[in-house]
Amino acid sequence: MRLIIKISLFCLVFTASWGQGIRYHVDLQHIQHDRVPVQVTLPKQQSNSIVFSFPKQVPGTYSNYDFGRYIQDFKAVAKDGKSLPVKQKNVNQYQIEQSNLLDHISYSVNDTWDSPEIKGEYIFEPAGTNIQADTMVAFNVHGFLGYVEGLSTLPVQVSIDKPSQLFGSTSLVNTGKGNKDVFTSLNYQSLVDAPIMYSEADTTNLQFGDTQILVSVYSPNHTISAKQIAENIRPMLIAQRNYLGGKFPVKRYAFIIVLSDNLKGGSFGALEHSHSSFYYLPEGTIDQLGQTIRDVCAHEFFHIITPLSIHSEEIGNFDFMNPKMSQHLWLYEGLTEYAAHHMQLQGKLIDSDAFFRTIQEKKETMEMQFKQDISFTNMSKLVLGKYKDQYANVYQKGALIGFGLDLTLRQLSHGKWNNQLLLQALSKEFGPTKSFQDDQLFDKIIQITKLPALKDFFKAYVAGTQPLPIESWLQQLGYTWDANQQEDAKTLGFDPQGLSINTETKRAIIQSNSAINSLGKLMGMQAKDELVAINGLPTDIENFVKNTQKILQIIQPGDTLAWDIARKGADGNYQTMHLKAPYFVIQQASRQVIRPVKNPSKEQLDLRANWMQ
């Protein structure tokens, strides 16, 4: 009874505040041309002029997306039905005059997944919007709903009229009935933190103590189900719970998963939120996707710790219009990526060979794709501009920094400290509602752990540009990096780890000369070449995997390997070139060059045991 009373009182207090809150109404029942009508009702305005804004950027992303690009027919309507004067200040902001007479705001929203006519920055699908009437709507709040400058802390309510066959999957509590969903939140920022997916219901709930976890899946060809994914990630969640100290820090969580049979942007992944994560993955069976899903879900779920429970003021007071970047992507993304794999090793979901193959791949990718003379703190601060193309290194070098910090903590403290305990201590010190000062984090970690020698680690490898001593870290565990291990390999002239996607041309691009092997050099390949066709078969995003695998299967030594590549000239224009050479099998570094030493010392075995437990 006490619980019921508490909930009722909360609802009364929250409802009483609606006189000063913001109401959104979204109509998914009358979608036309993939556009959704939205209406916004504000509290009575005392000012004669207000600015209504759509986010330039959102938390967890590191690009300026300008969601205002996707807004049309923006109107401000007075109580007598007449339009009020509106001036569009820039792509994301509208200034409304005579706002003291305002009754409501209306506009329509285009989707970001399928609006090629709208130019500008490519929006990573998990941060974007999809509108398929009667089938699936990816409702990332920041793509549909704007806010009033100066009023973003007011309570908000969004009511959504939906087709009867669609179910709204989210971490939010739905208080609506029938074909109207109603969600409330403390403010705009917390509402943005909770995406919704509307689709035919395919959901499963997992219960871990007092934590309920929703798994919701949209698979257009029904190749995989929510139940299969839930069973696939259940052992991972058990291992994560143990890794986090035996208890989840949230009561509700939602895995919202969209599978696609048409990866138009050429990439896939997920975006984290405090009580959910939104996924955009290639469609396939559970056998094909099982490990990928575990890896990505493990990474995103760990974000409930960083940056959602441990973050700087730049994130805690996020500015949707003029965002400031923290210098600690090594913490938010790097330690999260490391933990996602280390947790699986500790939980015996993968073996040490699989873990160290991941370490090897990250080291090689870091060296092939990214600059080595940029400090991680500087890259983080300037990731929206100067170092935008270096962001993905957070999953490579960032994870390796996490590996090194974990070992360094354990060694300096004789096993008393590690990454897990450090994150728990930082969560206790700060938490979701308290931010740290960006330039004081290193000192705070040293203060908490009482390990002054950590200053040298941060100065050299995070705030500095010294090469990561990965071989030395491996030696501490009784492992060695044997670069002499070679193997025969059929390649297409380059290491696939050295490829990335040019989101403008939708082509694979060779990032650096270090990714080009002896076969590619013979053909005349160069860094920044974009791959157009192989032996006459197209290698655009949709056909790349299928056609490259086909050639690898049939080509034999002595056959001709031919690549059509697009190479940018000094004038900025692309020239198509035809490269060819007799095919041959190359010798390359083994895919498993990290091996245990033959006679490890007691110190190595002790640290290994401490690290593996």
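The basis for the numbers below is simple: all heavy atoms, side chains too, and nothing from hydrogens, waters or symmetry mates. Note that the numbering runs from 1 along the sequence shown for the chain.
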Peer 1: Do Lys56 and Glu121 sit within salt-bridge range, that is, some charged N less than 4.0 Å from a carboxylate O?
Peer 2: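 A salt bridge is absent here (no side-chain N lies under 4.0 Å from a carboxylate O).
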
Peer 1: When the ring centroid of Tyr280 is compared with that of Phe278, is the distance short of 6.0 Å?
Peer 2: no

Peer 1: Could you tell me if the side chain of Val137 sits less than 4.5 Å from the side chain of Phe144, heavy atoms only?
Peer 2: yes

Peer 1: Any chance the rings of Tyr461 and Phe457 have centres within less than 6.0 Å?
Peer 2: yes

Peer 1: If you take the centroid of each ring, where Trp contributes its six-membered ring, are Tyr243 and His342 closer together than 6.0 Å?
Peer 2: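 Yes.
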
Peer 1: Side chain of Thr129, backbone of Phe139: donor and acceptor closer than 3.5 Å?
Peer 2: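 Flag not set: sc Thr129 to bb Phe139 has no pair under 3.5 Å.
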
Peer 1: So that I can tick it off, tell me whether Glu231 and Lys227 are bridged by a salt bridge, with the cut-off set at under 4.0 angstrom between side-chain N and carboxylate O.
Peer 2: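 Not counted as a salt bridge, because no side-chain N and carboxylate O are separated by less than 4.0 Å.
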
Peer 1: Provide the closest heavy-atom pair for Ile510 versus Leu531 in the form atom of the first, atom of the second, distance.
Peer 2: CD1-CD2, 4.2 Å

Peer 1: Test Asp406 against Arg410 for salt bridge (Lys or Arg N to Asp or Glu O under 4.0 Å), laying out the working first.
Peer 2: CA-CA 6 Å; Asp406 198 13; Arg410 293 171 191 271; 3.0 Å; yes

Peer 1: Please step through ring-ring contact (aromatic ring centres under 6.0 Å, His included) for the pair Tyr253 and Phe248, ending with a clear verdict.
Peer 2: CA-CA 10 Å; Tyr253 193 87; Phe248 291 132; 8.5 Å; no

Peer 1: Between Pro307 and Leu331, is there a side-chain heavy-atom distance shorter than 4.5 Å?
Peer 2: no

Peer 1: Any donor-acceptor pair under 3.5 Å linking the side chain of Gln549 with the backbone of Lys546?
Peer 2: no

Peer 1: Taking only Lys NZ, Arg NE, NH1 and NH2, and the carboxylate oxygens of Asp or Glu, determine whether Asp210 and Lys251 approach each other closer than 4.0 Å.
Peer 2: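 Counted as a salt bridge, because a side-chain N and a carboxylate O are separated by less than 4.0 Å.
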
Peer 1: With no hydrogens and no angle check, is any side-chain donor or acceptor of Gln588 less than 3.5 Å from a backbone partner on Glu487?
Peer 2: no

Peer 1: Has Gln212 got a side-chain atom pairing as donor or acceptor with Gln207's backbone, closer than 3.5 angstrom?
Peer 2: no

Peer 1: Can Asp193 and Ser274 be counted as having a side-chain donor-acceptor contact under 3.5 angstrom?
Peer 2: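 Yes, because at least one side-chain N or O of Asp193 sits under 3.5 Å from a partner of the opposite role on Ser274.
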
Peer 1: Give a yes or no on whether the backbone of His142 and the side-chain of Asn140 come within a donor-acceptor separation of less than 3.5 Å.
Peer 2: no

Peer 1: Treating Glu125 as the side-chain partner and Asn130 as the backbone partner, does any N or O pair qualify as donor plus acceptor under 3.5 Å?
Peer 2: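 Pair absent, no side-chain N/O of Glu125 close to backbone of Asn130.
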
Peer 1: Decide whether Glu283 and Ser219 meet the rule of one side-chain donor and one side-chain acceptor closer than 3.5 Å.
Peer 2: yes

Peer 1: Can Ser277 and Glu300 be counted as having a side-chain donor-acceptor contact under 3.5 angstrom?
Peer 2: no

Peer 1: Are any of the side-chain heavy atoms of Asn232 and Arg294 separated by less than 4.5 Å?
Peer 2: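 Counting from C-beta outward, Asn232 and Arg294 do come under 4.5 Å.
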
Peer 1: What is the minimum heavy-atom distance between Gln396 and Glu361, and which atoms define it?
Peer 2: OE1-O, 4.5 Å

Peer 1: Counting only N and O atoms by type, is there a donor-acceptor contact under 3.5 Å from the side chain of Gln372 to the main-chain atoms of Thr465?
Peer 2: no

Peer 1: Between the side chains of Asp295 and Gln291, is a donor N or O closer than 3.5 angstrom to an acceptor N or O?
Peer 2: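 Present: a donor and an acceptor within the cut-off.
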
Peer 1: Which heavy atom of Ala339 sits nearest a heavy atom of Phe302, and at what distance?
Peer 2: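 That would be O-CE1, 3.5 Å.
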
Peer 1: Please report whether the ring centroid of Phe436 lies less than 6.0 Å from that of His328.
Peer 2: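 Yes, the ring centres sit under 6.0 Å apart.
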
Peer 1: Less than 3.5 Å apart, any donor N or O on the side chain of Asn502 or Arg507 sitting next to an acceptor on the other?
Peer 2: no

Peer 1: Kindly say whether the aromatic ring centers of Phe124 and Tyr122 come within a distance under 6.0 Å.
Peer 2: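 Not under 6.0 Å, so no.
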
Peer 1: Validate the cation-pi geometry between Lys397 and Trp330: distance from NZ or CZ to the six-membered ring centre under 6.0 Å, angle to the ring axis within 45°.
Peer 2: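 Not satisfied by the 6.0 Å and 45° rule.
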
Peer 1: Is Glu337 salt-bridged to Lys362, going by a charged N under 4.0 Å from an acidic O?
Peer 2: yes

Peer 1: Under 3.5 Å, is there a donor-acceptor pair between the Ser185 and Ser190 side chains?
Peer 2: yes

Peer 1: Strictly distance-based, threshold 3.5 Å: is any side-chain N or O of Gln327 a donor or acceptor partner for the main-chain N or O of Phe376?
Peer 2: no

Peer 1: Tyr338 and Trp473: ring-ring contact (aromatic ring centres under 6.0 Å, His included), yes or no, with the steps?
Peer 2: CA-CA 14 Å; Tyr338 167 71; Trp473 292 339; over 10 Å; no

Peer 1: Between Tyr395 and His299, is there a side-chain donor-acceptor contact under 3.5 Å, judged purely by atom types and distance?
Peer 2: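 There is no such pair between these side chains.
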
Peer 1: Would you check if the distance from the ring center of Phe167 to the ring center of Tyr198 is below 6.0 Å?
Peer 2: no

